[in-house]
Amino acid sequence: MKNIYSLILLCCISSMAYAQSMLEDFPFRDVSLPLEERVKDLISRLTLEEKVQLMKHDSPAIPRLGIPAYNWWNEALHGVARTSEKVTVFPQAIGMAATFDTDALQTMADMTSSEGRALFNEALKAGKGVAQYRGLTYWTPNINIFRDPRWGRGQETYGEDPFLTARMGMAMVRGLEGDDPYYLKAVACAKHYAVHSGPEYNRHSFDARPSVFDLWDTYLPAFRELVTKAKVHGVMCAYNRLDGQPCCGNDPLLVNILRNQWKFDGYVTSDCWAITDFAEYHKTHANNTVAASDAMLAGTDLECGNLYQLLAEGVQKGLHSERDINVSLTRLFTILFKLGMFDPQDRVPYAAIGREVIECDAHKRHALRMAQESMVLLKNEKQLLPLKVSKVKRIALIGPNADNGHTQLANYYGTPSEIVTPYQSLKKRFGDRIKIDYYPGTAMVKKLDDAPSFAQIAAEARKADVIVFVGGISADYEGEAGDAGAGGFAGFASGDRTTMNLPAIQTELLKVLKKTGRPLVLVNMSGSVMTFEWESRNVDAILQAWYGGQAAGDAIVDVLFGDYNPAGRMPLTTYKSDDDLPPFESYSMENRTYRYFKGEVRYPFGYGLSYTSFVYGKVDCVSEVQTGKRIQVAVTVRNTGKCDGDEVVQLYVVHPQNLRVHIPLCSLKGFRRVRLKAGEEQQVVFTLSPEDLALTDTKGNLIECSGEVKLFIGGGQPGHAEGSAVRLNITGDPYQIY
C-alpha cells in the first residue's frame, strides 16, 4: 500500500512538473520575444468567455495558462490606501498642492509605490493571486479642476488651476510609475475623464455641457499634459455625461481626443459601475448589453463593475466582434506584462522591494515634511505667531479637530501605526513646561452632550496665555457621495457643501472665546476653503492646515512655535461670500477661480504669509520673442527678514483684456519653491514655451499670437503680492500648438 501511495505522489509531482514546463514553453513566457508578440500569443490562447471575464476589474485566474487572479482596483491618493496593513499616510492631495513643490510630491509618490510594491510582491509570491487593494494599478491622481469650493471631492485634486494641476499630476505619475525603460513600478491613472467636479448627488445622471472654450481652456489641459508629456498609462472615464453622451462611451472624448489626437496607448477603466448608469440613470441605452458594447467600442478597456461578461453576448448579436475585444485585452495585458507579472522576478527591478520600506523612517520624515510645507498662514495680526516658548506658560487648546486623528486622514486613506494630533504633539513636546488645557468644546457641527458650556470653557481659557482653536470639518462631511456619511446637517448635502462658512456652532464658540481678551489662533482643517467672514476680522491668526496626514499635529505645532516657517500657498480662491459663487451645476468658468473671477476675494489663489520677508529684483528677459520660440525669464529673490524660510516664486502671464471676450485675468505659468537663509538671495530661472504664451480660441485651439503681454514674477498673483513685472512683445505669424 505504501508503494502505491508513493507511486501516486510521484505521478502527481511529475504531472505538476510537466504542466509547469508546458507553461514555460508558451511563447508569451519567452522574455526574449517582443512584448507585442508575447501579448498576442497569450490572447490567442484564451476563449471568448475567458476574455470578457479578464476585462472586469476583479479578473479571475486562468490556471491552465498560469494567469493569476488580479484585481485592478487600488487607490494611492496620498499613500497606499484601504489596505489592512499599516502604511505611511501623507497629506491629502489638496494639501500637497498647497506645497507648490513638485519634487516633494514626486518623492512622495515614489515612496508610496515602494510601499505598494512591497505588498504586491508578497501577494504575487504567495501564489494566490492579487486581491483588491494589493495590486499596482492605482486609480490616482484625480486631476479634475476644483472649479467650485462646494464640491466635496475637490480635496482629492490639486486645486482650481489647470497649470498647477498638470504639474502636480505629472509629478505624481512619474513618482508612481518609476523610471525603468521597460518595467513599471506601478501604474498611475488620470481621472475622472472628463468635466467632472460635482455635484455629487446626481453624478450618475448629470450631463455636463461646458462651452468648447471652457472644455479646452480649463477642463482638458491637465489630462492632455499627463497623457502627452508624463505618458501616464491609465485613464479613468467619469460617471457623468458630456454633451449628452456618457463619458465612458463618449467617442469624441475617448476616440477622437484621447486616442487619435493625444495618441494615448494605455488602458482606460470605467469609474465603478459607471457603465450600469448608461441604461439605468442616463437612459441613453436600451439595455446593459448595448451599453457594455458601446463602452468597449469607444475605448473603455476595463470595467469596474459587473457587466462586461455581456460582451460575449454582444459578439453573438453582432454588436461588435471578438477582434474588438482583443484590442482592449491587448492594452490590459500590456500593462500586466510591464508590471512584470509574467516574467522571472529576478528580471524585474522592483521585485526585490520588501516589507522593510513600509513606514520606514525616511517615509515618516517625508510625511512630516510635506505636512509642514502644506501649511498656509492666512493671517498673523501683530506678528502673534510664532509663539515664544519663554512667554507661553499655559495654552487653552480647544476645538473638534484638536485631538481628532481621523480628520487628518481625509478620504481614500491608509492607516498608519501612529497619528500625531496637535494635542498629542503639544503634550509630547512640552510635557510639564507648558500647561495644556484641552477642551473639544463642540462636535463638528453641533454641541456636545454632557460637555462644559461655552461660558465655562471661556472662563478656563481666560487663564491661558493664548487660545488655539483647531476646527474645520472632516471627510465625514465633505467627500464622495455615499462615503461622506455625516449628511443631514445644515451646510452639507450628499458629500458636497452648501455653504463655505465654518460650521455655525464653531463660530459661535469662537465668538465667546474672543470675549476673553486672550490672543486667539484659529487652525482650520478642511479639504476646501472657508469664507472666514467673521473669523478673518476677529481672530488674531489663521492657519489653513488642510487634512495633513499622520504627522499633521507635529507640523501644526512646528509652525505655531516657529520651528518651521510656513510657506504653503493657496491652491484655491477664498471667496468672501456664498453669494460670489455661480450656480453649482453650471460648468461655465465665467466668474469662477482666480482666472475669471472679477470680484474681491478674501485670500487669493497663490497667497500665503511667512515669518520672514522677500524682495524681488528686476525681471531679466528679452523684450521681444517670435511666435513658436522659447524664452528664459529670470529674477533674483532675496530673503530680507531675520529668519530662514521658503518662498514660492510664481510666474503669471497677463494678456490685454481688450483682445476678445475669453481671456483669463492672469494665468500661472511657472512656480518654484526655494529655500533661502536670512539675507541670502538666489536667481530663479523659468523657461516659457509657446504654449505658455498662447491663448485658447473659441474653437478650442491653443494659438500663440503676436502682441504685448505682461510677465509678473512674485510671491503671489499680480496686485496681491510682492514681485516684479516686465512687458514682452510677441511678433510673427500665429503659431498653433494644439
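Because the structure is predicted, anything quoted here is derived from the model rather than measured.
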| Trace of the side chain to side chain contact (heavy atoms under 4.5 Å, CB included) decision for Ile358 with Leu119 | CA-CA 9 Å; Ile358 301 176; Leu119 297 174; 3.7 Å; yes
| message | Is it true that, when you exclude Tyr413 itself, more than 12 heavy atoms of the residues, nucleotides or ligands shown sit nearer than 6.0 Å to its OH? | response | no
| query | Taking the side chain as C-beta and beyond, is there a heavy-atom pair between Leu54 and Tyr308 under 4.5 Å? | reply | no
| task | Output, in order, the C-alpha distance, side-chain angles, deciding distance and verdict of side chain to side chain donor-acceptor pair (under 3.5 Å) for Asn74 and Gln132. | result | CA-CA 6 Å; Asn74 207 351; Gln132 189 173 10; over 6 Å; no
| message | Can you give me the closest heavy-atom contact between Met96 and Met168, atom names plus distance? | response | O-CE, 3.2 Å
| Any donor-acceptor N/O pair, Asp58 side chain to Asn71 backbone, under 3.5 Å | no
| If you draw the axis of the six-membered ring of Phe686, does the NZ or CZ of Arg672 fall within 45° of it and under 6.0 Å from the ring centre? | yes
| message | Between Arg259 and Asp301, does any side-chain N to carboxylate O distance fall below 4.0 Å? | response | yes
| query | With side chains defined as the heavy atoms from C-beta onward, is the minimum distance between Met172 and Leu176 less than 4.5 Å? | reply | yes
| said: Between Thr102 and Phe671, does the side chain to side chain contact (heavy atoms under 4.5 Å, CB included) criterion hold? Intermediate values first, please. | reply: CA-CA 10 Å; Thr102 54; Phe671 59 89; 3.9 Å; yes
| query | Roughly how far, to the nearest 0.5 Å, is the CG atom of Asn142 from the OH atom of Tyr158? | reply | 8.5 Å
| message | Nearest 0.5 angstrom please: Leu329 CG to Met296 CE, how far? | response | 9.5 Å
| request: Grab the two heavy atoms, one from Asp483 and one from Arg82, that are nearest each other, plus how far apart they are. | output: OD2-NH2, 4.0 Å
| task | Inspect the contact between Lys51 and Glu322 and indicate whether a charged nitrogen and a carboxylate oxygen are less than 4.0 angstrom apart. | result | yes
| Would you call Thr330 and Ile43 a side-chain contact if the rule is heavy atoms closer than 4.5 Å? | yes
| Going by heavy atoms in the side chains, are Gln92 and Phe90 under 4.5 Å from each other? | no
| Is there a donor-acceptor pair closer than 3.5 Å between any side-chain N or O of Thr269 and the backbone N or O of Met236? | no
| query | Do the charged groups of Lys338 and Glu177 touch, with an N to O distance under 4.0 Å? | reply | no
| request: Could you tell me whether the side chain of Glu115 and the main chain of Val87 form a donor-acceptor pair under 3.5 Å? | output: no
| field | Residues that Ser293 engages under side chain to side chain contact (heavy atoms under 4.5 Å, CB included), provided they are two or more places apart | value | Leu297, Leu319, His320
| message | Would you compute the distance between atom CD of Glu373 and atom CZ of Phe100 and round it to the nearest 0.5 angstrom? | response | 12.5 Å
| Does a side-chain N-to-carboxylate-O contact under 4.0 Å join Asp41 and Arg45? | yes
| field | Nearest-0.5 Å distance that lies between atom NZ in Lys125 and atom CZ in Phe120 | value | 11.0 Å
| message | Minimum heavy-atom separation for Ala634 and Val685, please, with both atom names. | response | CB-CG2, 4.0 Å
| task | Would you confirm whether Gln261, through its side chain, and Leu258, through its main-chain N or O, come within 3.5 Å as a donor-acceptor pair? | result | no
| Just wondering, do Cys247 and Asn240 contact through their side chains at under 4.5 Å, heavy atoms? | yes
| field | Heavy-atom closest contact (Ser114 atom, His363 atom, distance) | value | CB-CE1, 4.5 Å
| Quick one: does Ile335's side chain get under 4.5 Å of Val187's, heavy atoms only? | yes
| task | Could you give me the CA-CA distance, side-chain angles and deciding distance for Trp262 and Phe223, then say whether ring-ring contact (aromatic ring centres under 6.0 Å, His included) is met? | result | CA-CA 10 Å; Trp262 297 346; Phe223 286 99; 7.6 Å; no
| query | Hey, are the side chains of Leu253 and Cys237 touching, using non-hydrogen atoms and a 4.5 Å cut-off? | reply | no
| task | Mark yes or no for whether His78, through its side chain, and Ala76, through its backbone, hold a donor-acceptor pair below 3.5 Å. | result | no
| Pairwise distance CG(Leu336) to CZ(Arg331) - rounded to 0.5 angstrom | 14.5 Å
| field | Glu225/Arg167 salt bridge by N-O under 4.0 Å criterion | value | yes
| field | Ionic contact status for Arg369 with Asp101, cut-off 4.0 Å | value | yes
| query | If you take all heavy atoms of Tyr133 and Ala81, which pair is closest and at what distance? | reply | CB-O, 4.3 Å
| Between His233 and Ala188, is there a donor-acceptor pair closer than 3.5 Å when you use the side chain of the first and the backbone of the second? | no
| field | Non-neighbouring partners of Cys272 that pass disulfide (SG to SG under 2.5 Å), sequence neighbours left out | value | Cys304
| field | Non-hydrogen atoms of Leu124 and Gln345 that approach each other most closely | value | CD2-OE1, 3.9 Å
| Side-chain contact, heavy-atom cut-off 4.5 Å: Glu691 with Glu704? | no
| query | So does Lys629 have more than 12 non-hydrogen atoms from other groups sitting under 6.0 Å from NZ? | reply | no
| Would you find a donor on one side and an acceptor on the other, under 3.5 Å apart, between the side chain of Asp180 and the backbone of Pro349? | no
| said: Determine whether a donor-acceptor pair (N or O, by modelled atom type, separation under 3.5 Å) exists between the side chain of Thr218 and the backbone of Leu215. | reply: no
| Lys128 NZ: over 12 foreign heavy atoms closer than 6.0 Å | no
| message | Let me confirm one number: the CG-SG distance from Leu254 to Cys248, rounded to the nearest 0.5 Å. | response | 7.0 Å
| field | side chain to side chain donor-acceptor pair (under 3.5 Å) between Ser270 and Glu303, worked out | value | CA-CA 5 Å; Ser270 75; Glu303 184 211 9; 5.6 Å; no
| task | Without swapping roles, check the side chain of Gln408 against the backbone of Gly549 for a donor-acceptor pair under 3.5 Å. | result | yes
| query | Taking it one step at a time, do Ser113 and Tyr350 satisfy side chain to side chain donor-acceptor pair (under 3.5 Å)? | reply | CA-CA 10 Å; Ser113 60; Tyr350 306 114; over 6 Å; no
| query | Are Arg153 and Glu480 within salt-bridge range, i.e. N to O under 4.0 Å? | reply | yes
| request: Name the orientation class of the two ring planes belonging to His192 and His196 (parallel below 30°, tilted from 30 to 60°, perpendicular beyond 60°). | output: tilted
| query | So, Lys86 and Glu418, do they make that salt bridge, N to O below 4.0 Å? | reply | no
| field | Charged tip of Lys191 within 45° of Tyr412 ring normal and under 6.0 Å | value | yes
| query | Do Arg174 and Asp179 sit within salt-bridge range, that is, some charged N less than 4.0 Å from a carboxylate O? | reply | no
| said: I'd like to know whether Asp692 forms a side chain to side chain donor-acceptor pair (under 3.5 Å) with Ser689, so could you lay out the CA-CA distance, the side-chain angles of the two residues, the decisive distance to 0.1 Å, and finally the verdict. | reply: CA-CA 5 Å; Asp692 296 324; Ser689 67; 3.2 Å; yes
| Can you name the salt bridge (charged side-chain N to carboxylate O under 4.0 Å, His left out) partners of Arg38, sequence neighbours left out? | Asp343
| N/O donor-acceptor pair under 3.5 Å between Arg117 side chain and Lys185 backbone | yes
